[in-house]
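This is a predicted model, so every value here is computed, not measured. Quick note on labels: first sequence line is chain A, next is B, and so on, each numbered from 1.
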Amino acid sequence: MPRDPWREVLDEAESLRTRAALSLKIPPISVPWEEPDESLGDLAFGCFVYGKRMLQAPESIASRLAPAFSKGRFIAGASAAGGYVNLRVDATTLATETLRAVGETGETYGRGDPQKERILLEHTSVNPTGPIHVGRARNPIIGDSLARILRFAGHPVTTEYLVNDVGKQMVLMYWGVTRLTPEQVGPADSEKEDHTLLPYYVKANELAEKDARVGQEVDALIRRFEGGDAELTREISNVSRRVLSGSLQTLERIRVGFDGFFWESELILQGKVPPVVNRLANLPDARQENGAYFIDMAPYGVKGRETKWFITKSDGTSLYPTRDIAYHLDKFSRCDVAITVLGENHRLEFEQLRTALRLLGEREPEAVFYSYVVLPEGAMSARRGRVVTMDDLIEEAVSRALDEVRSRRPELPEARMREIAETVGIASLRYNIVRVQPEKKITFRWEEALNFEGNSAPFLQYAHARTCGILNKAGGLEPYDPARLTHPQEARLVKVLSKLPNTVQRAAADRRPHEIAGFAYTVASQFNLFYRDCPVLTADPPIRAARLALVDATRVVLQNALECLGLPAPREM
RNA sequence: GGACCCGUGGCCUAGCCCGGAUAAGGCACCGGCUUUCUAAGCCGAGGAUCGAGGGUUCGAAUCCCUCCGGGUCCGCCA
């Protein structure tokens with residue numbers, strides 16, 4: 001039975017407000033709740049809108065409204081100040097309910113009720129031509145965090161990677177891998193196949209431009225491929241599988257995995273594209289130009305130099321956007337809501353996709369857009385050799401974390417140090433990306449990406465490790481009386497903990513993982529203050545017992561918030 | 001030519017959707033706190049005309065308009 005203590009507080013406040021207003025014959029107006037400065041109360045709302053509606057001073061309304069509030073289970077009292085009504089939440093009741101919720105739901109505190117709505121979340125989907133670089137790093141991290149949050153919120157979620165294993169770039173890759181020797185392409189910087197195969201792709205691109213004979217060979221392959229040569233399509237797909245296997249190892253190390261993969265080649269081989277082409281070409285809006293079908297999207301809000309959206313080439317072969325439509329129709333046969341995590345450069349294309357689906361009378365997907373990570377000197381570019389790969393970043397993060405562990409915990413055995421370093425390094429990297437709103441651009445700087453203090457993953461993990469440390473030494477939980485939690489800092493901590501379920505629901509509904517990051521930071525921060533102000537193990541037995549329950553609740557909340565972000569929660573650091 | 005995204009102390013970010021009571025954190029810098037549950041912590045100090053200008057409003061970082069700066073996109077590529 002999931003519980004949401006803060007939601008109960010809000011619901012009660014709302015109903016008390018309605019009753020108070022009714023008793024004064026004040027029209028019920030929905031005014032948003034805010035959280036005022038602690039010295040004023042726990043919840044508040046301004047009476048300015050009432051004032052305007054009733055042509056009275058907000059101060060006077062507030063001072064009449066406040067006394068009309070009756071006490072509730074949570075709401076202990078109301079007072080008026082400066083046109084606001086401030087409500088005070090009873091600390092003991094909130095502590096009782098919050099700790100009981102954690103006690104009853106255990107490690108699952110914060111998890112939402114099971115939802116019916118099946119969500120298919122597509123993310124990452126980088127072209128399998130080489131290692132994933134940091135410029136794209138936000139996609140898997142945002143995508144995986146969002147998947148975790150949606151699942152925790154109660155949704156059945158399937159994550160999927162669209163493997164773009166067709167098209168010219170893959171034909172080039174295939175040509176390179178099958179025709180070039182290791183001596184021709186030079187050495188790779190790693191044994192993983194995403195790294196070892198990249199040089200073939202780079203060399204193939206170079207030769208195709210410079211050498212006319214190579215260009216002809218590649219063109220011939222492209223013609224065979226576009227002619228529907230199934231054998232060739234499979235061979236090309238196999239190359240992409242090899243590259244992908246390398247990238248997946250990297251993703252696995254940062255705790256990103258997928259429930260499924262969708263191969264674009266399969267879409268083609270299974271003949272799912274022509275029916276879609278037909279449907280599109282038969283739309284009333286479809287036009288023809290030199291044998292190529294298109295839809296002019298200008299009437300549908302698409303603006304710019306070119307508003308034609310092409311369905312086919314003049315030779316009748318399909319284009320990527322058309323295949324994407326076919327893919328989405330397939331998606332919708334398997335889910336209720338389709339979400340895709342996309343780089344900001346795909347905004348227009350996504351609008352076109354939605355428009356085309358709308359014209360077909362089909363459902364439309366949602367998207368979460370992010371800006372690419374750039375280097376201080378500009379965008380990452382494989383061609384200009386200006387790249388930091390995910391593998392580089394991971395190695396550096398873990399190695400710096402190991403230095404930290406060595407200096408902070410010299411007494412630990414080497415293997416344990418390495419374990420903690422991996423945990424901290426990976427978490428730092430994920431947290432630094434997920435804590436920022438996706439649409440803000442991030443400039444990659446080592447010193448920021450690998451900062452282990454302040455608002456960073458280790459800060460959160462450290463707070464979690466501290467809770468575990470206390471609980472370990474305590475030996476076990478005991479029966480407790482929540483009324484023994486009388487310190488203001490205990491109340492602050494309780495209040496934050498009570499908000500986990502509500503925060504999860506909001507972050508899931510808004511598709512905003514960074515809200516969980518902010519929440520986790522607040523929890524850790526409030527716990528650190530509690531840690532300073534309220535000794536646990538040495539407190540008098542009744543207080544000790546109550547504080548232990550609070551520490552355990554904090555542990556659960558941190559663990560679950562960290563889990564939602566894909567950050568490991570170490571028991572010691 | 002057009003569309004979209006971003007612009008908050010020296011640096012990075014939250015708040016913006018849903019307008020409210022002195023704009024909240026982190027980094028960096030300076031000064032403190034460890035016989036007490038791990039100092040990856042805590043406390044204190046300084047530092048912001050919330051890009052600029054108009055408008056709406058009793059009230060604007062938040063909504064509207066214009067402009068400036070940065071980014072992205074407008075292929076019979078994917």
Worksheet item: Should Asp11(A) and Arg7(A) count as an ion pair when the cut-off is N to O under 4.0 Å?
Response: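 Looking at Asp11(A) and Arg7(A), the cut-off is met.
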
Practice prompt. Would you kindly check whether a donor in the side chain of Ser371(A) faces an acceptor in the base of rC5(B), or vice versa, at under 3.5 angstrom?
Written response: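 Between rC5(B) and Ser371(A), which were checked side chain against base, a qualifying N/O pair under 3.5 Å is absent.
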
Worksheet item: If you take atom types as modelled and just measure distance, does the side chain of Arg305(A) reach the base of rG1(B) with a donor-acceptor pair under 3.5 Å?
Response: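 A donor-acceptor contact between them is present.
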
Practice prompt. Select base, sugar-phosphate, or nothing to describe what Pro58(A) touches, counting heavy atoms under 4.0 Å on all strands.
Written response: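 No contact at all - Pro58(A) keeps every heavy atom at 4.0 Å or more from the nucleic acid.
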
Practice prompt. Give one of base, sugar-phosphate or nothing for Glu447(A), where a contact means two heavy atoms less than 4.0 Å apart.
Written response: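 If one applies the 4.0 Å heavy-atom cut-off, Glu447(A) turns out to touch nothing in the nucleic acid.
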
Worksheet entry | Nucleotide rA39(B), atom P - distance to CE of Met573(A) in whole Å |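 Those two atoms, CE and P, are 12 Å apart.
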
Phosphate-side-chain proximity, [X] and [N], N/O vs OP1/OP2 below 4.0 Å:
X	N	result
Lys473(A)	rU38(B)	yes
Gln437(A)	rC16(B)	no
Arg512(A)	rG15(B)	yes
Lys440(A)	rA14(B)	yes

Worksheet item: Is RNA chain B part of any stem, that is, at least 3 consecutive Watson-Crick or G-U pairs with both distances under 3.5 Å, and where?
Response: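 Runs of three or more consecutive pairs: B:1-7 with B:68-74, B:10-13 with B:24-27, B:30-33 with B:41-44, B:51-55 with B:63-67.
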
Worksheet entry | Minimum-distance nucleotide to Asn290(A) side chain [options: rC76(B), rA78(B), rG15(B)] |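 Of the candidates, rC76(B) comes closest.
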
Practice prompt. Output the residues of residues 341-349 of chain A in contact with RNA chain B, where contact means a heavy atom of the residue under 4.0 Å from an atom of the strand; sort by number or write none.
Written response: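 RNA chain B contact set from residues 341-349 of chain A: Glu344(A), Asn345(A), Arg347(A), Leu348(A), Glu349(A).
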
Worksheet, complete the sentence: Heavy-atom contacts, protein to nucleotides 22-35 of chain B, under 4.0 Å, summarised as B (base), S (sugar-phosphate only) or - (none) per nt, yield B--SSS--------

Discussion item. To check you understand the geometry: which heavy-atom pair defines the closest contact between Thr443(A) and Leu375(A), and what is its length?
Written reply: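 Minimum heavy-atom contact is CG2-C, 4.0 Å.
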
Practice prompt. Check step by step if side-chain hydrogen bond (donor to acceptor under 3.5 Å, both in side chains) holds for Tyr327(A) and Glu160(A).
Written response: CA-CA 12 Å; Tyr327(A) 175 37; Glu160(A) 192 159 283; 2.6 Å; yes

Fill in: pair Trp309(A)-Pro321(A): side-chain heavy atoms closer than 4.5 Å
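Sidechains of Pro321(A) and Trp309(A): in contact.
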
Discussion item. Test side-chain contact (heavy atoms from CB on, under 4.5 Å) on Tyr370(A) and Gln437(A); report intermediate values, then the result.
Written reply: CA-CA 8 Å; Tyr370(A) 64 92; Gln437(A) 256 178 52; over 6 Å; no

